[in-house]
**Student:** 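My questions all concern the structure below.
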Amino acid sequence: MAPKAAPNGSAEAPIQVSSIPPVVGINFGNSYASIAVFTKEGLAECIANEDGERQIACAIAFHGEEMYIGNQAKHQLIKNSKNTITGFRNLIGKKFSEIPQSTLNISAPVIQHPDLADEPAYKVEVLQPAPSPLPISHHTSNVNTPAASNINTPRSEPIPATRVLSVSEVTTIFLQSLLQSAEDFLGKKVQGAVITIPTWFDTTQRAALAKAASDAGIPVLQLLEEAGAAAGTTTTPDWSSDADLPQDRTQLIIDVGASSVNLTLLSLRSGLSYVLASSTTPNLGGDLIDDRIIKHFATEFTKKTKVPLTVCPATDAADKRAEAKLRLAIEHTKRTVSASPGAATCSVESLKDGVDFTGSINRLRFDMVARPVYQSIVDAVSALLSGAAVDPHDVNEIVYVGGTASLPGLDEHICLTGGFHEDISTPFARGTVVGGGEGDPTTILARGSAAQAALVSSLGGEDVKELKAAVIGEGDANLVRATTKTVGALFPSSAAEDKELGGVFVPLIQKETALPVRRIIELAVAVPASSKFAFELWEVVEGFRTEKVKPPKLSDDEGDDDDDEEEIEVKHRTLTKGTFLGSVVLDAKLAQKGTTTVQIQAIVDIDGDLEVDTREKGEGGATNTLKVAAP
Amino acid sequence: MADVQVLSIVAPALPEKYSPPKASGSRLSPPHPAGHRALLPVGPAYLDHLRLTIHHKHSFASFDEHVAAERKRQAELHADAANGEDDLGVGDEEETEELLSLDPKEWKKQDHYAVLGLSQFRYKATPEQIKIANRKKVLKHHPDKKASTTTPSASQYLAGVNQNTNDDAFFKCIAKAHEVLTNSEKRRQFDSVDPEFMEAEENIPSETDIKKKNLDFFKTFTPVFELYSRFSRTQPVPGLGKIDSTKEEVEGFYDFWYNFDSWRSFEWLDKEVNEGSDSRDDKRYTEKKNKSERARRKKEDTAKLRGLVDLSLSLDPRIKRIKQEEKAAREAKKKGTTPGAPAKKTKAQEEEEKKKAEADAKAKEAAEAAERAEAKKAKAAAANAAKKARRQARATEEGGA
């Protein structure tokens, strides 16, 4: 046959070395958890558990011999609330004596662990399988008895028993189920996980969570603060390129949980982020909105059916059960309101006294009902911003986290009444909330954690140890010095519109940037006949000027009641020259058609020394280096 | 280098009467002290910051070097991957119009290598190359793809012309070609009657051609033997060689080609047994005919090759040369002066040799004589024995009668 030519390769399809790290990001909230993994496209994506839920309720219920986890367990709250455990995340690592005994408890109460001192625990009633029958003894005489059957005696009925579970045990069970879901999805063992924690978790709580996770078999790479997880998603190039957001921006993260609102003001400087200010408002959030909606529906129910129903708080048992039923039902209503502008229905079978209920609510009505809660959130935002001395106009972007934050009414209310700039970027403005968009508030944290998990697990090489230590928060590598004022180049100009500063200002290094920092900008500079170009280096003070402007007349036929119209305050960003640092004057050598391209590299090193390197782009261009010593 | 932020603005030209302000000697505002701000440990930018602060002592220059080195290392690691899949030189052969209009029903007549785009390799194509070529062609000509890319023109559409009638014809041809070329037996049969080979075979110059046109021997015959060498079961095949090949080489060459062991066979040209008829006799008749036809063709092929080798031998200038050389050698031997023989021998030696030769000849003669005598004796004895036997036989016959 044909002579064998030496093949210059192989016809086998290249071995697909899967570049998808089997890592998982877990957003572990108090009410809901979500998990994200890396997909084939190399994107972090939130996945559904086996029940098809992307938001998995943090609840465990025991019923007979069965154990329910997640949204199934939540349904047990109606009939089997004393065996249903919820809200355990916030109790991790806390002592029993530290936990306030809440008056209103809809699930299994927290008790003192019978064996361990000062340890919170839950007591649930379960059915235990009966002990297996004794093995057949061969010593018994079989003289006058028929031959013994070799089949085991059938199991007898399970026996009721009580089971005491400590908070960490509950956490372990729950995390195990999350891990199982992720592994079922990936089809392989999870190699690493990043779990989110609230900012207020202290060291003991972090340690307790880490222990519970490792008991569940989760290889924890990092416990990441929720703000960090959100930044993990919002600093990705996809996120900012989508909306043409600047690399250096101030971002407000509004995390509306079920029972608390966490606000974080972040300074993002080309991927590096730190917290400028943060606040936690307890007893504000989704549950309050729930209460109001439940009340709304309860009133509607009473109006329709004449069956009296008092909820929030409910007193008698029938009302309590009705409230629990409504609470489950409006979950769906809220999602519908978030997703579509039409009316959302709420149906409950046999709400009270065997009477069914079907009601509907549209967005407008919903927002009206929930407005007081929205307003409290706005108040919290304003308090945070004023506490940090940041003008709302300085906030470039708002990011929402949490299922309640998916409500478009909340975004509308915040943008309208928060005093923000009208062009502020929010996921709603960009249209990335619904349809699995990247701005989906319910999945941001899990996706950010997954991305972080992939990043940490990809760390290799010689220098890993120190990096990993820094990542998990050991040492003080995270504590940085940061600039306080914006430094930029001022290109002198005699044009009228530049009169204020005497030129065009180009920021080089923004305030609140961690040191050491390097920024390189490239821009075209017009070159006059003298073929000289120059800029001055200034430290500037940013401020705002408010101007009262009469709104433009809408129509002329109104006549002379113009005076009634209110004047609108318009804010303008202002810059005032602060300190003059130096100037650069160069002869353009490569000017073409009256312009030349200039690259300016500014470095502020760890000691605060500023070095500005200017060069004309291209071979043989003019160069200059300007140094400003540290203060 | 770090990311360069390209601004879309054009900075204004310097005013005519510009003079820079006097250097004030002022400095930057003091930064926030260490510990005032805590970075969130998240994202690749954070890792870069850590590397910068922990490993490079906050020096951007050193960090840049590290990044460049790392990038280079990565590039080297993934160099193969970057070039994409190795297609073993299969390339993308364009199909001619003729090829695309092939009828899959006439698959026996198609050039399977051309269909798969392997005409540059033909019988030399490795199974891997065939696999790759097939994959490429299938991807290109899959009917699913065609249906979506070719939209019928409106008039055709209105006229009810079905555009897709012959759409998968070439795809079927590809499938057939792949089937033939991946089956070693079928491929052997096809290679035996490879259309390209047949064409080349036609063009082999005849004896009269060569003599008339006075063609160069090596230029004429080297490609001929190379053409046939594909059929040899033993590989590699010795080449025709050059004008100054040694005697051994030339002899080895002709030896090989006179004993050529060919795998060429002619099943491919078999007449199809008529599928429709159930008649066994019909089938057997066709099979028989095919068999004899195959044998005839094979014989013809062998004869043709032999004729070629004969022709080559008769025209080979080296044979003349070798004969001459041998003749010269013999003559030289006779004269005792073989060209290039060692220097003159001494007389004594010569005499000795002569004596020796004489003695040898004598001994040989004696031995031969003895042999002859013995043979005579044996012959006589055999004749006697035969006579005796005959006599005896007669006697017994007579006795019996």
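In what follows, chains carry the letters A, B, and so on, assigned in the order in which the sequence lines appear, proteins first and then strands, with residues in each chain numbered from 1.
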**Student:** For V487(A), is it the side chain, the backbone, both, or neither that has a heavy atom closer than 4.5 Å to a heavy atom of chain B?
**Tutor:** side chain
**Student:** Which heavy-atom pair separates K186(B) from W268(B) by the least distance, and what is that distance?
**Tutor:** O-CZ3, 3.9 Å
**Student:** Check whether S493(A) gets within reach of chain B through its side chain, its backbone, both or neither, counting any heavy atom under 4.5 Å.
**Tutor:** both
**Student:** Taking all non-hydrogen atoms of both residues into account, name the closest pair between R37(B) and V275(A) and its distance.
**Tutor:** NH1-O, 4.2 Å
**Student:** Counting heavy-atom pairs under 4.5 Å to chain B, which of G271(A), P516(A), A489(A), S449(A) comes out on top?
**Tutor:** P516(A)
**Student:** For R269(A) and Q510(A), indicate whether the former's side chain and the latter's backbone hold a donor-acceptor pair under 3.5 Å.
**Tutor:** no
**Student:** Can you tell which part of V585(A) gets under 4.5 Å to a heavy atom of chain B, answering side chain, backbone, both or neither?
**Tutor:** side chain
**Student:** Given heavy-atom pairs under 4.5 angstrom as the criterion, report whether the side chain, backbone, both or neither of I521(A) touches chain B.
**Tutor:** both
**Student:** Where on K485(A) is there a heavy atom nearer than 4.5 Å to chain B: the side chain, the backbone, both, or neither?
**Tutor:** side chain
**Student:** Is E512(A) in contact with chain B via its backbone, its side chain, both, or neither, using a 4.5 Å heavy-atom distance?
**Tutor:** side chain
**Student:** So what's closer than 4.5 Å to chain A heavy atoms on I9(B): side chain, backbone, both or neither?
**Tutor:** both
**Student:** Go through Q452(A), E225(A), Q222(A), R519(A) and name the one with the most non-hydrogen pairs under 4.5 angstrom from chain B.
**Tutor:** Q452(A)
**Student:** Could you have a look at G232(A), S273(A), S270(A), A227(A) and say which one has the most heavy-atom pairs with chain B under 4.5 angstrom?
**Tutor:** S273(A)
**Student:** For the interface with chain B, which of L455(A), L276(A), V504(A), L610(A) has the highest count of heavy-atom pairs at distances below 4.5 Å?
**Tutor:** L455(A)
**Student:** Does the pair S192(B) and Y123(B) meet the rule for a side-chain contact (heavy atoms from CB on, under 4.5 Å), with working shown?
**Tutor:** CA-CA 10 Å; S192(B) 299; Y123(B) 70 100; over 6 Å; no
**Student:** Closer than 3.5 angstrom, by distance alone: can the side chain of T486(A) be matched with the main-chain N or O of K511(A) as a donor-acceptor pair?
**Tutor:** yes
**Student:** Name the one of R294(B), Q189(B), R188(B) that satisfies side chain to side chain donor-acceptor pair (under 3.5 Å) with S265(B)?
**Tutor:** R188(B)
**Student:** Where on L272(A) is there a heavy atom nearer than 4.5 Å to chain B: the side chain, the backbone, both, or neither?
**Tutor:** both
**Student:** With respect to chain B, which residue among G228(A), A482(A), P528(A) yields the maximal number of heavy-atom pairs within a distance under 4.5 Å?
**Tutor:** A482(A)
**Student:** What residues, two or more places apart in sequence or in another chain, satisfy ring pair (Phe, Tyr, Trp, His ring centres under 6.0 Å) together with F491(A)?
**Tutor:** F535(A)
**Student:** Residues two or more places apart in sequence or in another chain: which of them pass ring pair (Phe, Tyr, Trp, His ring centres under 6.0 Å) with F197(B)?
**Tutor:** Y228(B), F231(B)
**Student:** Under 3.5 Å, side chain of W263(B) to main-chain N/O of R230(B), donor-acceptor pair present?
**Tutor:** yes
**Student:** Please look at V194(A) and chain B and tell me whether the side chain, the backbone, both or neither of the residue comes under 4.5 angstrom of a heavy atom of that chain.
**Tutor:** neither
**Student:** With respect to chain B, which residue among S583(A), G578(A), A534(A) yields the maximal number of heavy-atom pairs within a distance under 4.5 Å?
**Tutor:** A534(A)
**Student:** Look at S59(B), A45(B), P236(B), A11(B) and state which one has the largest set of heavy-atom pairs under 4.5 Å with chain A.
**Tutor:** A11(B)
**Student:** Using only atom types and a distance under 3.5 Å, with no angle test, would you say the side chain of S278(A) pairs donor to acceptor with the backbone of T264(A)?
**Tutor:** no
